[in-house]
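Read through the structure below, which is laid out as structure tokens, and then see the notes.
In the text below, chain A, chain B and the rest are named by the order of the sequence lines, each starting its count at 1.
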Amino acid sequence: MLRWNSIPTMPEKPYDHRQIELKWHARWENADFYKADEDSARPKFYVLEMLPYPSGTLHIGHIRNYSIGDALARYKWMRGYNVLHPMGWDAFGLPAEQYAIRTGQHPRKTTEANIAVFKRQIKALGFSYDWSREIDTTAPGYFKWTQWIFLKLYNSWFNPATGKAEPIETLPCPPECAGSPDALRQHRDGKRLAYVTEAPVWWCEELGTVLANEEVVEGRSEVGGFPVTRRPMRQWMLRITAYAERLLRGLEQIDWSDSLKEMQRNWIGRSDGAEVQFRLADAPSDIPEADRAILVFTTRPDTLFGATYMVLSPEHKLVDLITTPEQRAAVADYKAEVARKSDLERTELARQKTGVFTGAHAVNPVNNEKIPIWIADYVLASYGTGAIMAVPGHDTRDLEFARKFNLPVRLVVQAPGGADSTGFVGDGVSVNSGFLSGLPTPEAKTKINAWLEEKGLGRATVNFKLRDWLFSRQRYWGEPFPILWKPAPGGAFRHEAIPESALPLQPPDLTDFKPAATGEPPLARAKDWVCLPDGSRRETNTMPQWAGSCWYYLRFTDARNDAQFCGAGPERYWMGTAPGQAAGKPGVDLYVGGIEHAVLHLLYSRFWHNVLFDLGYVSTPEPFFKLVNQGLILGEDGQKMSKSRGNVINPDDILREYGADALRLYEMFMGPLEMVKPWSTKGVEGVYRFLGRVWRLFVDEKSETEFEQHQTAHGQDDPESLARVELSRAIRDVPPTPTQLKTLHACIKKVTEDLDGFRFNTAISALMVFVNDAITWETKPAAVMREFLVLLHPFAPHLAEELRSKMAGPNAAATIAYEPWPAFDPAVLAEDTIEMPVQVNGKLRDKIIVPIGAPEADIRAAALASEKARQFMEGKPVKKVIIVPRRLVNIVV
RNA sequence: GCCGGAGUGGCGAAAUGGCAGACGCACAGGACUUAAAAUCCUGGGUCCGUAACAGGACGUGCGGGUUCGAGUCCCGCCUCCGGCACCA
């Protein structure tokens with residue numbers, strides 16, 4: 001056993017992980033084993049883990065993420081694939097900037113320091129990254145291309161006719177714009193995929209910036225949990241809504257978990273319905289013709305006969321026009337009250353419905369009935385048309401409102417089974433609905449839609465919950481927009497793209513990073529940077545953190561290209577669309593990361609990718625073909641890890657005690673990869689013991705003593721000491737016995753199948769089963785042991801490399817990484833006889849041994865002859881004997 | 001409320017409709033040791049039963065069902081985790 005004499009209190013280690021890891025890190029570093037190469041004839045495999053934001057220290061959860069990717073990368077190399085497995089840093093973001101605000105230290109400094117720590121920790125874990133492709137999203141050579149992609153968005157529009165993004169120049173010029181450059185310009189600006197708008201946005205006081213819908217959770221910022229409020233501001237938006245349908249449909253072609261796809265579907269929120277026009281009744285003469293109708297969106301046009309009132313959102317533009325003098329004060333009060341409420345309050349105490357009558361009426365187009373128009377904050381200005389027809393008979397919210405304000409309820413859908421139809425919201429049969437009566441709901445919908453269309457009163461339409469992406473932030477530490485504001489006649493300023501040749505646009509140096517309460521970005525302080533000699537000014541907002549991570553997987557295919565964001569050749573090769581590559585699975589072959597980015601990063605990057613695809617810059621419609629989400633690791637107490645709970649596990653401590661192999665192995669062994677699991681340091685100890693058993697399986701005990709003595713004499717880190725360790729004498733070049741072969745091939749089969757199915761926990765248990773068996777063998781055939789090391793390598797690469805180097809002899813390759821993966825031979829596992837359980841009435845009573853190919857009659861006879869089984873059949877006639885070949889026998893009495 | 005996912009020993013878990021609990025942790029007993037650590041061996045769902053070995057009954061959140069046979073399939077519930085939530 002190893003004894004670390006210098007530290008007498010430390011328990012003895014099963015093996016010296018430290019020396020082994022140091023040795024192999026140096027070799028991997030120097031030899032470029034994991035460098036990816038586009039020229040290979042082998043099939044490609046692109047495996048990618050979500051880029052980390054380099055914060056203070058690596059989290060134990062990152063390691064689960066990377067261990068999964070690394071095991072697959074190593075496995076695929078051994079299966080003969082040409083693997084691309086890169087790593088980088090998504091390093092723009094709030095924490096570095098918050099730190100800068102507190103301390104005055106430039107975020108660049110903090111970021112560099114954090115990257116250094118992350119890199120050291122990741123390297124200490126021995127992951128197989130191609131470091132020559134390392135990316136830092138904050139490096140000018142990288143964000144140059146982020147800005148370039150922004151310009152593509154800015155200079156494109158979405159053509160509904162082709163369903164694609166196209167250069168803005170192809171936008172047809174409407175007749176009224178002909179000959180007026182100003183009008184044309186306005187027309188174009190209204191269609192760009194990146195556009196400026198003055199709209200209510202989420203403002204976070206504490207962070208001093210606006211946030212996207214996706215970054216606001218229950219009225220608070222996703223980062224930090226600070227309250228957010230609605231506030232109108234001039235902001236940059238990306239027209240992701242144009243891609244709602246594409247983003248929805250694209251999900252069908254990719255291999256993601258159902259739950260993740262469902263989260264994206266919910267967020268996009270497609271809903272099929274109809275728009276219906278309700279004309280105002282007795283409209284005052286001062287209302288222009290265009291405003292004499294209210295457009296509503298409904299998913300239930302079939303219930304039109306049940307509409308007994310209408311509701312506008314308090315912010316609806318018609319409210320002030322239609323309100324009668326008697327109701328004016330009440331309406332004004334209500335609007336003021338709603339405006340005072342924060343959105344948090346609006347959702348939190350949303351239980352009691354509120355609203356007021358406007359005094360105005362509209363006409364229900366199907367029956368010419370006059371119905372009252374109310375305003376209420378349960379109707380949202382931002383969804384649909386901001387107005388509804390209320391059908392209290394068949395809508396929960398309308399019913400609640402109608403009951404509170406004594407509005408009539410009319411039933412127009414009969415619930416199936418004759419149940420009470422009040423408040424029934426499902427599909428039934430139309431009643432009391434004129435020409436719709438008697439029709440089942442789906443047919444009633446079709447019929448009324450046709451009727452509305454014919455009368456010019458409405459049409460079938462689709463609505464989405466997805467909103468455009470608020471893309472600007474009032475921060476310093478982000479990509480500056482490549483946009484200038486040029487003075488125009490009348491003192492206005494107009495946005496204009498800076499030329500591509502001027503990229504990257506670098507941010508100015510600042511010393512004060514504090515946000516302003518006014519919402520003016522910190523960049524505005526850099527007057528020299530902002531104001532250009534010709535009187536134009538730079539845009540002072542920056543892009544959100546998500547910008548850089550939207551496209552990094554493309555940059556990895558050609559990370560050092562100065563002329564393009566990535567070259568078409570490498571892009572096609574690694575995304576799988578180059579000539580001669582197997583089609584059908586375009587994109588990154590495996591993307592591993594946490595579920596927390598379901599509607600942020602993963603939606604945003606799909607959107608950008610779609611645009612780049614339309615414009616011909618990438619060759620696949622979707623970025624990530626296969627995606628898996630590793631589950632969160634909780635603290636040992638089963639709670640989320642956090643400093644305040646004091647249950648955070650520091651990877652450095654685990655690494656020092658148990659080594660990289662044990663840490664990685666444990667994180668893959670703890671359970672199915674997508675499951676949330678509590679941490680257990682005892683569990684790490686368990687797999688560490690397993691690795692120690694592997695070590696002892698291979699090495700000679702006496703030579704270990706020499707190893708220790710050498711260490712004592714020359715210091716713990718002397719690289720020569722490992723050379724003293726010799727291979728166990730039990731490992732010999734002898735042919736394996738059939739049992740030994742069986743043990744090996746059972747292991748090959750299980751590990752191979754489980755790796756293909758991402759079942760790391762059971763793959764590792766199969767390795768353990770092999771070791772538990774092999775440890776009892778007096779003679780260990782070298783061929784068997786060598787193959788076992790190949791199976792071990794994806795999970796514990798350091799130990800596998802070291803032991804293999806002991807076995808391989810001087811002429812072997814320098815690494816195990818390209819050894820061929822062993823093939824499983826079913827013939828080896830074939831048995832002559834098989835043990836079959838015998839059940840009586842489904843209960844296990846005995847076991848019999850029968851030859852493998854025995855005819856059913858023989859098995860039946862053997863089972864019926866069983867003494868133990870007969871005790872339970874006494875006196876009862878045998879009704880039936882079920883024989884499941886190779887499985888079991890069940891006697892029914 | 002709606003949409004996902006999950007409920008199996010003391011714990012993490014495993015099980016193409018066919019022997020429930022592989023593998024690991026923790027625990028207990030033993031070997032080695034002056035002793036400990038490490039290592040090795042053995043044990044283990046619960047209950048009844050036996051001097052012991054036998055032997056038996058029950059057992060995968062709860063209640064039904066399908067089946068020769070259900071952790072697995074179907075119906076109805078309960079609990080936990082994640083997401084969405086006045087989205088018309």
Side-chain angles (χ1 to χ4, degrees), chain A residues 1-3 8-14 217-218 257-267 269-271 273 296-300 303 311 313 346-347 350-351 353 376-380 382-391 395-398 400-401 425 463-466 595-596 598-599 631-632 634 638 666 669-672 674-687 689-690 692-693 696 750 759 761-769 771-772 775 835-847 868 871 879-882 884 886-893:
Chain A
M1 287 312 95
L2 305 185
R3 201 158 288 136
T9 52
M10 186 173 261
E12 287 178 40
K13 296 283 173 182
V217 180
E218 287 175 2
S257 71
D258 287 339
S259 60
L260 182 54
K261 286 186 182 184
E262 203 52 31
M263 281 167 77
Q264 291 218 341
R265 284 196 195 102
N266 284 342
W267 192 260
R270 182 188 159 117
S271 112
V296 304
F297 173 74
T298 175
T299 53
R300 293 300 300 271
T303 61
V311 187
S313 69
R346 233 167 125 157
T347 45
R351 304 306 143 229
K353 295 264 180 299
D377 67 354
Y378 82 92
V379 173
L380 308 174
S382 56
Y383 185 76
T385 61
I388 61 156
M389 64 176 205
V391 183
D395 182 283
T396 318
R397 297 146 302 177
D398 296 345
E400 199 189 317
F401 191 82
V425 296
N463 240 300
F464 293 95
K465 273 200 272 187
L466 185 69
I595 190 92
E596 65 274 14
V599 294
L632 197 68
L634 305 173
Y666 168 67
F669 184 61
M670 57 200 309
E674 71 280 7
M675 289 290 158
V676 177
K677 288 292 154 209
W679 175 264
S680 159
T681 302
K682 287 286 184 194
V684 186
E685 250 172 66
V687 293
R689 272 201 288 269
F690 160 71
R693 275 203 301 281
R696 288 192 302 278
K750 184 81 179 134
R759 293 180 296 268
N761 54 332
T762 49
I764 291 164
S765 81
L767 295 172
M768 289 170 169
V769 170
V771 170
N772 289 346
I775 215 149
E835 189 192 64
M836 286 179 83
V838 177
Q839 297 183 334
V840 176
N841 284 349
K843 287 196 175 148
L844 178 71
R845 296 306 180 186
D846 198 8
K847 288 173 186 181
K868 287 181 190 165
Q871 288 170 24
K879 272 207 269 183
K880 200 172 167 188
V881 179
I882 289 141
V884 184
R886 311 185 60 134
R887 279 288 180 188
L888 56 51
V889 183
N890 190 10
I891 302 166
V892 188
V893 296

Pairwise N/O distances under 3.5 Å, protein to nucleotides 43-48 of chain B:
none

Identify, with sequence neighbours excluded, every residue that meets side-chain hydrogen bond (donor to acceptor under 3.5 Å, both in side chains) alongside A:Arg845.
-> none
Mind checking whether A:Phe690 and A:Tyr666 have side chains closer than 4.5 Å, heavy atoms only?
-> no
Of A:Arg300 and A:Met670, the one whose closest RNA chain B nucleotide lies more 5' | A:Met670
For A:Asp258, report the nucleic acid contact type (base, sugar-phosphate, nothing); a contact means any heavy atom under 4.0 Å.
-> nothing
Quick one: the side chain of A:Lys847 and the base of B:C19, do they pair up donor-acceptor inside 3.5 Å?
-> yes
Less than 4.5 Å apart, any side-chain heavy atom of A:Arg759 and any of A:Asn761?
-> yes
Measure the CG-OG1 distance between A:Asn463 and A:Thr385 for me, rounded to the nearest 0.5 Å.
-> 8.0 Å
Start at the 5' end of RNA chain B and walk down; is the nucleotide closest to A:Met263 or to A:Thr385 reached first?
-> A:Met263
Tell me, with the steps shown, if A:Leu767 and A:Phe669 meet side-chain contact (heavy atoms from CB on, under 4.5 Å).
-> CA-CA 11 Å; A:Leu767 295 172; A:Phe669 184 61; over 6 Å; no
A:Met675 has its side chain closest, among B:C3, B:C19, B:A6, to B:A6
Side chain proximity check, A:Arg693 to A:Ile775, heavy atoms < 4.5 angstrom | yes
Does the side chain of A:Val881 reach to within under 4.5 Å of the side chain of A:Val892, using non-hydrogen atoms?
-> no
Ignoring hydrogens and angles, answer whether the base of B:C68 and the side-chain atoms of A:Asn890 contain a donor-acceptor pair closer than 3.5 Å.
-> yes
Separation of A:Leu260 CG from A:Arg265 CZ (nearest 0.5 Å) = 10.0 Å
With A:Phe297 via ring pair (Phe, Tyr, Trp, His ring centres under 6.0 Å) - residues at least two apart | none
Separation of B:C2 atom P from A:Lys465 atom NZ, nearest Å, is 14 Å
Distances under 3.5 Å between nitrogen or oxygen atoms of protein and nucleotides 20-26 of chain B:
{"residue": "B:G24", "atom": "OP1", "partner": "A:Asn772", "partner atom": "ND2", "Å": "3.1"}
{"residue": "B:C25", "atom": "OP1", "partner": "A:Arg689", "partner atom": "NE", "Å": "3.2"}
{"residue": "B:C25", "atom": "OP1", "partner": "A:Arg689", "partner atom": "NH2", "Å": "2.9"}
{"residue": "B:A26", "atom": "OP2", "partner": "A:Arg689", "partner atom": "NH2", "Å": "3.0"}

Could A:Lys353 and A:Phe401 be counted as a cation-pi pair, given that NZ or CZ must be under 6.0 Å from the ring centre and within 45° of the axis?
-> no
Between the base of B:C86 and the side chain of A:Lys353, is there any donor-acceptor pair under 3.5 Å?
-> yes
Specify the separation, in whole Å, of atom CD of A:Glu262 and atom P of B:G4.
-> 6 Å
Between NZ of A:Lys261 and P of B:G4 the distance, given in whole Å, is 14 Å
Show me the protein contacts with nucleotides 58-60 of chain B, counting only N or O atoms at under 3.5 Å.
{"residue": "B:C58", "atom": "OP2", "partner": "A:Lys843", "partner atom": "NZ", "Å": "3.4"}

Whole angstrom is fine here: how far is it from NZ in A:Lys880 over to P in B:G69?
-> 9 Å
OG1 (A:Thr299) and CG (A:Asp395) are apart, to the nearest 0.5 Å, by 8.0 Å
A:Pro678 has its side chain closest, among B:G83, B:U39, B:G12, to B:G12
Runs of at least three consecutive pairs that involve RNA chain B, where pairs are Watson-Crick or G-U with distances under 3.5 Å | B:1-7 with B:78-84, B:10-12 with B:23-25, B:27-31 with B:39-43, B:45-48 with B:55-58, B:61-65 with B:73-77
Send over the distance from A:Tyr383 OH to B:A85 P, rounded to a whole Å.
-> 12 Å
Mind checking the P distance from B:U39 to B:G24? Whole angstroms is fine.
-> 13 Å
Value in whole Å for how far the P atom of B:A88 lies from CG of A:Leu380 | 10 Å
Taking B:G18, B:A88, B:C84 as options, the one with an atom nearest any side-chain atom of A:Ile882 is B:G18
Which of B:C19, B:G18, B:C3 is nearest the side chain of A:Val884? It is B:G18
Against the side chain of A:Arg696, the closest entry in B:C40, B:G12, B:G18 is B:C40
Would you say A:Val687 and A:Met768 make side-chain contact, with heavy atoms under 4.5 Å?
-> yes
In whole angstrom, give me the gap between the P atoms of B:G29 and B:C77.
-> 50 Å
Heavy atoms under 4.0 Å, any strand shown: does A:Arg845 hit a base, just sugar-phosphate, or nothing?
-> sugar-phosphate
Would you check if A:Ile388 and A:Asp398 make a side-chain contact, meaning some heavy-atom pair closer than 4.5 Å?
-> yes
Under 4.5 Å between any side-chain heavy atoms of A:Thr303 and A:Met389, yes or no?
-> yes
Protein-nucleotide distance (A:Leu466, atom CG; B:C84, atom P), rounded to Å | 14 Å
